There are 2 protein chains.
Amino acid sequence: MPARKKKKQRAPAYAVSEFTPARLSIYLRCLKDLEKSGVKTTSSRDLAERYHLNAAQIRKDLAYFGAFGVRGVGYYTSDLKAHLRGILGLDRPLGIAIVGAGNLGRALADYQGFHQAGFQIVALFDNDPDRVGRQSRGGVVIRHSDELPDVARAGDIDVAVIAVPAPVAQAVVDSIVATGVKAILNFSPSAIKVPAGVKVKNVEFTISLESLSFFLAQGSKANAAPNKIL
Amino acid sequence: MPARKKKKQRAPAYAVSEFTPARLSIYLRCLKDLEKSGVKTTSSRDLAERYHLNAAQIRKDLAYFGAFGVRGVGYYTSDLKAHLRGILGLDRPLGIAIVGAGNLGRALADYQGFHQAGFQIVALFDNDPDRVGRQSRGGVVIRHSDELPDVARAGDIDVAVIAVPAPVAQAVVDSIVATGVKAILNFSPSAIKVPAGVKVKNVEFTISLESLSFFLAQGSKANAAPNKIL
DNA sequence: TTTTGTGAACTAGTTCACAGCT
DNA sequence: AGCTGTGAACTAGTTCACAAAA
C-alpha cells in the first residue's frame with residue numbers, strides 16, 4: 001500500500017451553508033411582505049432588487065431543498081412561502097420557555113415579534129422567590145425554575161431562551177439539556193457548552209456593540225466593507 | 001492592446017475577516033476572565049484550550065493589528081487586554097442612545113451588560129407623548145424623539161440602538177443618520193438601508209429563532225455541523 | 001423570451017506547518 | 001525548548017454564466 005502522505009479522507013460535509021437557514025428566514029419575511037402587497041408572482045431577480053439580495057444566492061439556497069420555481073416565470077408567492085415555512089419547520093406551533101425573569105427575560109416574554117412569527121411563550125422561569133408568582137407587564141406568570149423539568153418533559157418546550165446572568169448560564173443550560181430540549185437561544189454573554197445534537201444560537205449585544213465600536217475606531221482604515229444583513 | 005476577456009481588476013480588499021472584530025471582542029472577554037483569575041501570562045494555545053477557540057485563528061486575528069506576543073512565552077494578559085481595548089476603540093467612553101421606549105427599549109436601557117462593558121446610556125427616546133417624561137424601571141428618562149438631533153449634534157451619541165417597530169424603522173434610521181451618527185445597532189426585524197460609511201449591526205431574534213426551528217425540523221439530516229460561537 | 005436550476009470559476013476565510021525569535 | 005507570526009494549503013461560501021425548461 002503506497003503510503004499517501006496525510007491525504008485527508010473527508011466526511012460528506014454539510015452542503016448547505018451555515019447562513020442558509022437565516023437567509024431562508026429573510027426570504028420568508030420578504031414573501032410575507034409581497035403577499036400583503038398583493039404580489040402573486042415573483043422571481044429571484046425581483047426579490048433581489050426589491051430587498052437588496054443576490055438572485056443567484058436565492059436560487060442556490062432554495063435549490064438545496066427542491067425546485068420550487070417555474071422556468072421563464074419565477075415563483076408563486078404563496079406557494080414559495082408555504083415551502084419555506086415547511087423547510088423552516090414553522091408549519092407547526094413552537095413552544096418557547098424563557099429562563100430568567102430579569103429585565104431582559106420579562107421584556108422578551110412580552111415581545112410581540114415572537115407571537116407575530118408564530119412562536120408561543122409557554123413559560124417564564126426564575127429561581128428568585130421574590131419574582132416567582134408575579135407576572136410580566138404583558139401578563140406572563142413567573143414560575144419557579146424547579147418546575148421547568150415537568151414542563152419540558154410534557155414536551156411543550158421546543159426552544160429554551162437563556163436570559164440569566166453569565167455566571168449561572170452554563171448550569172442552567174446543563175439542566176435544560178438534561179430535560180431533552182434540543183434548541184437554545186442564549187442571551188447571556190458567555191460561551192455555553194452543549195452536547196452534540198443540541199443547537200445553540202447566541203445573541204450577543206456586547207459583541208455587536210463592540211464590533212460597532214471597532215468600526216468607529218478603525219474608521220475608513222480597515223473597512224470600506226459593505227454592511228451585511230447577517 | 002490584447003483584449004483580455006472580462007479580466008477582473010480587483011480592489012485591494014479588506015484583509016481582515018468580517019468576523020474578526022467579533023472574535024476580538026470574545027478574546028477580550030476571555031482576557032478579562034483570566035485577569036480576574038490572576039493569570040498573568042497566556043498563549044494562543046492556552047486561550048484556545050480554555051475557551052474552545054482555535055489557536056491559529058487567534059494569532060491570525062491579532063497579526064492584522066500588530067505583534068503583541070513574545071516568542072517562546074506567549075502574551076502578557078493585561079498587556080494584550082489593553083491592546084484589544086485599543087483596537088476595539090473601548091479605551092474611551094462610548095455614548096449610546098436608544099430609540100423606541102417599548103418593552104425592549106426600556107429593558108435595553110436598564111440592561112446592566114452595557115454598563116459593565118463600558119458603554120454609557122446617553123438617552124432613551126420615544127415619540128409617544130404618553131411615554132415621554134416617564135422613566136424606565138431603572139430610572140432612565142424617556143425624552144421626545146424631537147430632541148434627538150440636539151443630543152446627537154452635541155456629539156454624545158456614538159451608537160444609536162433602534163428598538164422601534166419594523167414599519168417605522170427606516171424613517172427613524174434616516175433621521176438618525178442625518179444627524180451624523182455612524183453606527184447603528186438594529187433590533188427591529190427589517191432590513192434598513194444606510195449610506196456608505198455608516199455601519200449597521202442587526203440583532204434578529206426572529207431569524208435566530210427560525211434558524212433554530214430549521215435545525216429542529218431538519219434534524220440530523222442537514223446538520224451535524226458544530227455550533228459556532230458567532 | 002424569460003427565468004430557473006446548477007456546474008464551474010472565483011473569492012473569502014480557516015487551518016496547517018514551519019521558519020525565526022526568545 | 002516553546003510560542004509567535006506568517007506564507008502556503010486547504011475548505012467553505014458566493015457569484016457567474018449557461019443549458020434546459022416553460
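Heavy atoms only: backbone and side chains are in, while hydrogens, waters and symmetry mates are out. Just so we're on the same page: letters track the sequence lines, and every chain starts at 1. Not measured: the values here are computed from a predicted model.
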Would you mind reading off the distance between [X] atom [atom1] and [N] atom [atom2], rounded to a whole angstrom?
| X | N | atom1 | atom2 | value |
| --- | --- | --- | --- | --- |
| B:I58 | D:dT6 | CD1 | P | 16 Å |
| B:R45 | D:dG2 | CZ | P | 9 Å |
| B:F19 | D:dT11 | CZ | P | 19 Å |
| A:R59 | C:dG7 | CZ | P | 14 Å |
| A:D61 | C:dT4 | CG | P | 14 Å |
| A:D46 | C:dT3 | CG | C1' | 12 Å |
| A:K60 | C:dG5 | NZ | C1' | 8 Å |
| A:F65 | C:dT6 | CZ | P | 13 Å |

Among the candidates [options], find the nucleotide nearest to the side-chain atoms of [X].
| X | options | value |
| --- | --- | --- |
| A:Y75 | D:dA22, C:dT4, D:dT4 | C:dT4 |
| B:Q57 | C:dG5, D:dT6, C:dT15 | C:dT15 |
| B:N54 | C:dC16, D:dA22, C:dG5 | C:dC16 |
| B:S43 | D:dC3, D:dA22, C:dT22 | D:dC3 |
| A:S44 | C:dT4, D:dG13, C:dG5 | C:dT4 |
| A:A56 | C:dG13, D:dC16, D:dG13 | D:dC16 |

Do the rings of A:F19 and B:F19 sit parallel, tilted or perpendicular, given the 30° and 60° boundaries? tilted
Going by the angle between their ring planes, with limits at 30° and 60°, are B:F119 and B:F114 parallel, tilted or perpendicular?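 Judged by the thresholds at 30° and 60°, the geometry between B:F119 and B:F114 is perpendicular.
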Under the salt bridge (charged side-chain N to carboxylate O under 4.0 Å, His left out) test, residues paired with A:R23 that sit two or more places apart: A:D61
Test for a donor-acceptor pair under 3.5 Å between the base of D:dT4 and the side chain of B:R71, counting only N and O atoms.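 Flag set: donor-acceptor pair detected.
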Taking atom CG of B:L24 and atom NE2 of B:H83, what is their separation to the nearest 0.5 Å?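 Separation between the atoms: 13.0 Å.
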Let me spell it out: for each of B:L62 and A:E18, pick the nucleotide of DNA chain D with the closest heavy atom. Which residue's pick is nearer the 5' end? B:L62
Please tell me which of B:K228 and B:G72 maps to the more 5' nucleotide of DNA chain C, matching each residue to the nucleotide holding its nearest heavy atom. B:K228
Would you say A:R23 places a side-chain N or O within less than 4.0 Å of OP1 or OP2 belonging to D:dT14? yes
Is the B:F214-A:F65 ring centre distance short of 6.0 angstrom? yes
